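Structure first, commentary second.
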Amino acid sequence: MLTPPRTVVRREGGIYALERALQRRGFRVVAGADEAGRGACAGPLVAAAAILPEGRRGEIEELADSKLLTPAARERVYAEVVKRALAYAVVVIPAAEVDARGLHVCNLLAMRRALAALTTRPEYVLTDGFGVDGLGVPGLAVWKGDQVAACVAAASVLAKVTRDRIMVDLHTTFPVYGFDEHKGYVTPEHRAALERHGPCLEHRFSYVNVAAASGRDSRPPRARRPIAHPGLPGSTVGVALDEQARPPALVGEDVAMEGGV
């Protein structure tokens, strides 16, 4: 039996080269998935999946890894992805679930949920950094995928913009931490606020710095989150982990939803 010729994707081909190569090999519907918030010690983990149309309609000006774009550029690209995508989905994993399950488990779970929520079934899946199994279609984990694959970059922007909006909203409830500025990542200002005020229930108690600020660092990582802790800002009513509602996936198809994230 003859072996099909090897497909070579050259970096100089740009951010669309990998998808175009897959489409030439018969995989016409290629989905990308990525997450935002993995390195933050507060706020949710957000994952997104996106399928861009073939041809010129799928080529979005300014599309790149969300971390390389200014906030204004991310908003412009977000609007274009939502408008043009054949399908997209965004999944939000709250801080409590990150503490209960562990970061890496939640990372893969969130991308799997986002891909499963796509209303158009992909024929091939590209993910940023980590492979996701159990999808029923072939896939590839791409190193720095959000910089080399357009559909992964689109998912990166969806996840980042959604998470940033959530963190800005959380700032109105917990203004002492400056979530609107650092978005829950560890900065000198965030570290100082943690030391001064202690953590709130939007922090990830499985993280060493949050556990230390809460005085619960002697407990195992997944036992650090308080069920009820009136002393913490915003936690006058405690909620058990298994009682917390899981936010639904946000899904778009063909004429994708405006807003809603």
Side-chain angles (χ1 to χ4, degrees), residues 33-50 66 88-118 127-135 155-156 158-174 177 179 182-186 190 194 198-214 216-217 219-230 232-251 260-261:
D34 198 8
E35 54 73 29
R38 182 179 175 88
C41 69
L45 181 71
V46 178
S66 64
Y88 72 92
V90 181
V91 169
V92 179
I93 305 289
E97 191 168 352
V98 174
D99 284 343
R101 293 176 179 265
L103 177 64
H104 186 63
V105 169
C106 284
N107 197 152
L108 299 182
L109 179 64
M111 288 199 288
R112 187 179 294 111
R113 286 181 186 170
L115 289 161
L118 290 171
T127 53
D128 183 37
F130 302 102
V132 179
D133 58 12
L135 300 176
S156 169
L158 291 175
K160 174 66 173 168
V161 170
T162 299
R163 189 177 187 281
D164 282 358
R165 291 176 180 177
I166 291 171
M167 298 309 295
V168 170
D169 286 344
L170 287 177
H171 174 72
T172 63
T173 305
F174 307 105
Y177 299 105
F179 288 152
H182 53 68
K183 308 301 188 295
Y185 289 89
V186 180
H190 192 185
L194 268 174
C200 70
L201 290 183
E202 292 298 332
H203 281 93
R204 300 177 186 175
F205 284 76
S206 53
Y207 282 43
V208 173
N209 64 322
V210 176
S214 70
R216 302 171 73 86
D217 49 334
R219 300 192 178 194
R222 296 185 189 184
R224 291 172 182 167
R225 172 170 288 272
I227 292 177
H229 197 317
L232 297 176
S235 64
T236 54
V237 178
V239 181
L241 292 179
D242 58 359
E243 295 173 354
Q244 295 202 10
R246 179 175 297 164
L250 305 172
V251 183
V261 279

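Counting begins at 1 with the first residue of the sequence. As the structure is a prediction and not an experimental result, all values here were calculated from the model.
Side-chain N or O atoms of Arg216 include one that pairs as donor or acceptor with a backbone N or O of Arg224 at under 3.5 Å. Under the 3.5 Å distance criterion, the side-chain polar atoms of Tyr207 are left unmatched by any main-chain donor or acceptor of Pro221. The closest donor-acceptor contact from the side chain of Thr172 to the backbone of Asp169 lies under 3.5 Å. Under the 3.5 Å distance criterion, the side-chain polar atoms of Asp34 are left unmatched by any main-chain donor or acceptor of Ala155. A distance-only check finds no donor-acceptor pair linking the side chain of Arg204 to the backbone of Cys41 [under 3.5 Å]. Proximity of a side-chain donor or acceptor of Arg225 to a complementary backbone N or O of Leu201 within less than 3.5 Å is detected. The closest donor-acceptor contact from the side chain of Arg112 to the backbone of Asp133 lies under 3.5 Å.
In this structure, the side chains of Val168 and Lys183 come closer than 4.5 Å at one or more pairs of heavy atoms. In this structure, the side chains of Asp128 and Ser156 stay at 4.5 Å or more apart for every pair of heavy atoms. Counting only heavy atoms from C-beta outward, the side chains of His104 and Arg38 approach each other to under 4.5 Å. Two residues are said to be in side-chain contact when any heavy atoms from C-beta on lie closer than 4.5 Å; Glu202 and Pro94 fail this criterion. Residues Asp217 and Val208 are not in side-chain contact: their nearest non-hydrogen atoms beyond the backbone lie 4.5 Å or more apart.
Residue Tyr185 comes nearest to Ala40 through the heavy atom pair CE2-N, 3.5 Å, listed as atom of the first residue, atom of the second, then distance. Of all non-hydrogen atoms in Gly131 and Leu108, the two that sit nearest each other are O-CD2, 3.7 Å. The two residues Phe205 and Val210 have their closest heavy-atom pair at CA-CG1, 3.9 Å. Contact between Val91 and Ala110 at its shortest, heavy atoms only, is CB-O, 4.1 Å. Ala48 approaches Val90 most closely through the heavy-atom pair CB-CG2, 4.1 Å. Annotation for Val46 and Ile166: closest pair CG2-CD1, 4.3 Å, computed over non-hydrogen atoms.
Using a 30° and 60° split on the angle between ring planes, Tyr177 and Phe179 fall in the parallel class, below 30°. The aromatic rings of His203 and His190 sit tilted relative to each other, their planes meeting at an angle between 30° and 60°.
For the atom pair CD1 of Ile93 and CZ of Arg163, the computed distance is 12.5 Å after rounding to the nearest 0.5 Å.
Asp164 meets the salt bridge (charged side-chain N to carboxylate O under 4.0 Å, His left out) test with Arg74, Lys160; sequence neighbours excluded.
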